Novice: 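After the structure tokens below, expect a handful of questions from me.
Every value quoted in this text rests on a predicted model; they were computed, and no experiment measured them. No hydrogens, no waters, no symmetry mates; every other heavy atom, side chains included, goes into these values.
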Amino acid sequence: MRKKTMLIHGGIEGDESTGAVNVPIYQVSTYKQEAVGKHKGYEYSRTGNPTRHALEELIKDLEGGVRGFAFGSGMAAITSVFMLFSANDHVIMTDDVYGGSYRLVSKVLNRFNIETTFVDTSSIDEIKKAIQPNTKAIYVETPTNPLLKVTDLEATSQFAKDNELLFIVDNTFSTPYWQNPMKHGADIVLHSATKYIGGHSDVVAGLVVVNSNELGEELHFIQNSVGGILGPQDSYLLIRGIKTLGVRMEEIEENSKKVIEFLQAHPLVQNIYYPGLTNHPGHDVHTKQATGFGGMLSFDVGSEAKAAQLLANVKYFTLAESLGAVESLISVPAKMTHASIPKERREELGITDGLIRISIGLEDAEDLIEDLAEALK
Ligand SMILES: *Cc1c(COP(=O)(O)O)cnc(C)c1O
């Protein structure tokens, strides 16, 4: 089954008992048992719910894994994956990782002695240098947020395999439509489904896919024990969002190309970051492991004041955190999504105060370009 077909026909189709073409919203917490321990596969909705199960089967198929899991947010998904580790375990992590993931490991999980080293994972040598006797996993985002740095999935997974490490990939930016990290050796793929997968700025959710039954059993044990599950209504909305993921991603990419052409020609715009640009540092690696470049791009206007002015003057770009929605979103990472990263560290990473991040939506590209042109005046 090809990707676009799988978005519509993957996972569990419809409702066997009624013939309904969609899996209904099973708004239910518990299930009647015929006799003690005799039931139809569902006992209690933290453990399993048919609507959530349909979504979990669908994301499993889309990522080409063995088992899928849905959580109440991307952070709940990431936290649950980290619950696979124990005190004194060590994880190597991408340095410009999502701000919330940085906060989780450096301010919460550190209290449980789960140790993390942040490295520029776009360099396999940097990854190799960070390994310790207690290293258990490599956790990467590719492309990253907001500089769109690219990690070589194959080289990293080979190193992980050679050293018996779990290889975990946050695939939020590329989505399963453009990139399947498991094809390149990832053991666990996760998403903030709040972004492109939901796609309509109306759900907060997280998804995880694992590549073995063993990991599936472990993660289900954690999902049921920790309890950060996604509810049936939101599970339904994600299934609905996924049906149009392909057409949205194609159109968003078309719009992105047009906006970038405009930005490249503008004298105030410096340093455009987008994996689709042939001079982008990760362009070749990204092209090898993904089929599209997505709709996330960043550019520098030189100063905090200019960035603030631009943001104050756009009318179609919504000033907001988050990304991957039908509406175009604009933000200043240093003041918003990455504010929880200390300033010195942000500057080390290249997240300057004049850096603007855009998530391209589905508006007419001509309107988006006119909007930016006006605001840049
Ligand atoms: C938003 C985001 C998260 C966190 O997801 P939530 O759904 O907001 O909890 C994790 N990783 C990336 C790359 C994100 O963009």
Side-chain angles (χ1 to χ4, degrees), residues 1-7 10 58-65 68 74 94 96-98 120-124 127 138-160 167-193 195-199 207-209 211 241-242 244-260 272-298 323-324 357-361:
M1 204 189 295
R2 292 172 182 79
K3 214 34 110 29
K4 275 185 178 158
T5 309
M6 202 186 279
L7 294 169
L58 179 56
I59 191 65
K60 175 206 79 180
D61 286 352
L62 290 172
E63 286 292 8
T94 300
D96 56 346
V97 77
Y98 175 71
D120 180 353
T121 54
S122 67
S123 155
I124 187 74
I127 297 177
I138 304 172
Y139 180 110
V140 308
E141 266 175 43
T142 182
T144 61
N145 179 19
L147 297 176
L148 291 305
K149 288 205 317 214
V150 176
T151 292
D152 187 324
L153 294 174
E154 261 168 39
T156 310
S157 82
Q158 192 54 54
F159 178 70
F167 182 32
I168 306 167
V169 180
D170 180 336
N171 199 29
T172 301
F173 269 37
S174 283
T175 81
Y177 185 69
W178 293 134
Q179 178 171 275
N180 288 132
M182 264 171 202
K183 271 198 198 146
H184 307 284
D187 299 298
I188 301 179
V189 176
L190 58 89
H191 292 275
S192 168
K195 315 296 169 50
Y196 289 108
I197 289 181
L207 297 171
V208 180
V209 178
N211 73 343
I242 286 170
T244 58
L245 181 65
V247 286
R248 282 188 284 115
M249 294 314 287
E250 297 281 357
E251 187 74 10
I252 282 171
E253 182 152 307
E254 279 306 305
N255 276 356
S256 302
K257 278 188 199 147
K258 292 177 186 160
V259 169
I260 283 173
I272 304 172
Y273 300 92
Y274 185 68
L277 293 171
T278 50
N279 65 351
H280 186 77
H283 175 77
D284 293 343
V285 174
H286 186 84
T287 307
K288 193 179 71 170
Q289 61 198 23
T291 51
F293 301 109
M296 295 305 301
L297 59 110
S298 296
L323 60 105
R357 188 190 79 176
I358 281 180
S359 166
I360 297 289

Novice: Should E250 and W178 count as side-chain neighbours, where that means a heavy-atom distance under 4.5 Å?
Specialist: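 The answer is yes; the side chains approach within 4.5 Å.
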Novice: Pick from H286, M296, K149: which one makes a side chain to side chain contact (heavy atoms under 4.5 Å, CB included) with P143?
Specialist: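 Going through H286, M296, K149 one by one, the side chain to side chain contact (heavy atoms under 4.5 Å, CB included) with P143 is satisfied by H286 alone.
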Novice: Give, for atom CD of Q289 and atom CG of D284, the distance between the pair rounded to the nearest 0.5 Å.
Specialist: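 One gets 11.0 Å once the value is rounded to the nearest 0.5 Å.
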Novice: Tell me, do F167 and H184 make a side-chain contact under 4.5 Å, heavy atoms counted?
Specialist: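 Heavy-atom side-chain distance check fails, nothing below 4.5 Å.
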Novice: Would you check if the side chain of Y274 reaches a backbone N or O of G294 as a donor-acceptor pair within less than 3.5 Å?
Specialist: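 Yes, the answer is positive, given that a donor and an acceptor are paired below the 3.5 Å cut-off.
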Novice: Sub-3.5 Å donor-acceptor pair from the side chain of T94 to the main-chain atoms of E141, do we have one?
Specialist: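 Checked: pair present.
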Novice: Show the nearest heavy-atom pair for residues T156 and D152, with the distance to one decimal.
Specialist: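 Minimum heavy-atom contact is OG1-O, 2.6 Å.
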Novice: Ignoring hydrogens and geometry beyond distance, is a side-chain donor-acceptor pair present between T142 and T151 at under 3.5 Å?
Specialist: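 T142 vs T151: no donor-acceptor pair found between side chains.
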Novice: Shortest non-hydrogen contact from I252 to Y196?
Specialist: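 Answer, listing the atom of I252 first, then Y196: CD1-CE2, 4.0 Å.
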Novice: Please identify each residue that fulfils ring pair (Phe, Tyr, Trp, His ring centres under 6.0 Å) with H283, with sequence neighbours left out.
Specialist: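 Only F293 meet the ring pair (Phe, Tyr, Trp, His ring centres under 6.0 Å) criterion with H283.
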Novice: Looking at every heavy atom in both V189 and P181, which two are closest together, and how far apart are they?
Specialist: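 Closest pair (atom of V189, atom of P181, distance): CG2-CB, 3.8 Å.
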Novice: Closest heavy-atom contact between M182 and D187?
Specialist: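 Shortest heavy-atom contact: CE-O, 3.5 Å.
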Novice: For F173, is there any backbone N or O sitting under 3.5 Å from a side-chain donor or acceptor partner on H191?
Specialist: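 No; judged by distance alone, with no hydrogens or angles, the pair does not exist.
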Novice: State, to 0.1 Å, how close D96 and L147 come at their nearest heavy-atom pair, and which atoms those are.
Specialist: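 Smallest interatomic distance, heavy atoms only, reads OD2-CB, 4.0 Å.
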Novice: Kindly compute the distance separating NZ (K258) from CD (E253), expressed to the nearest 0.5 Å.
Specialist: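 K258 NZ to E253 CD: 12.0 Å, rounded to 0.5 Å.
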Novice: I want to check something: taking the side chain as every heavy atom from C-beta on, are V169 and S157 in contact at a cut-off of under 4.5 Å?
Specialist: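 They are not in contact (no side-chain heavy atoms under 4.5 Å apart), so the answer is no.
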Novice: May I ask you to check whether over 12 heavy atoms, not counting those of K183, lie within 6.0 Å of atom NZ?
Specialist: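 Not more than 12 within 6.0 Å, no.
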Novice: So how far is it from T175 OG1 to M249 CE, rounded to the nearest 0.5 Å?
Specialist: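 If we round to the nearest 0.5 Å, T175:OG1 and M249:CE are 4.5 Å apart.
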Novice: Please check this pair: side chain of K3 against backbone of P176, looking for a donor-acceptor N/O pair closer than 3.5 Å.
Specialist: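 Checked: pair present.
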Novice: Please report the interatomic distance CG(L207) to CD1(I242), rounded to the nearest 0.5 Å.
Specialist: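 Taking CG in L207 and CD1 in I242, the distance rounds to 6.5 Å.
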Novice: Do the non-hydrogen side-chain atoms of L190 and Y139 ever get within less than 4.5 Å of each other?
Specialist: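 The answer is yes; the side chains approach within 4.5 Å.
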Novice: With rounding to the nearest 0.5 Å, note down the distance linking CG in L297 to NZ in K257.
Specialist: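 It comes to 13.5 Å.
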Novice: What heavy-atom pair brings G241 and R248 nearest, and what distance separates the two atoms?
Specialist: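 Nearest pair, atom of G241 first, then R248: O-NH2, 2.8 Å.
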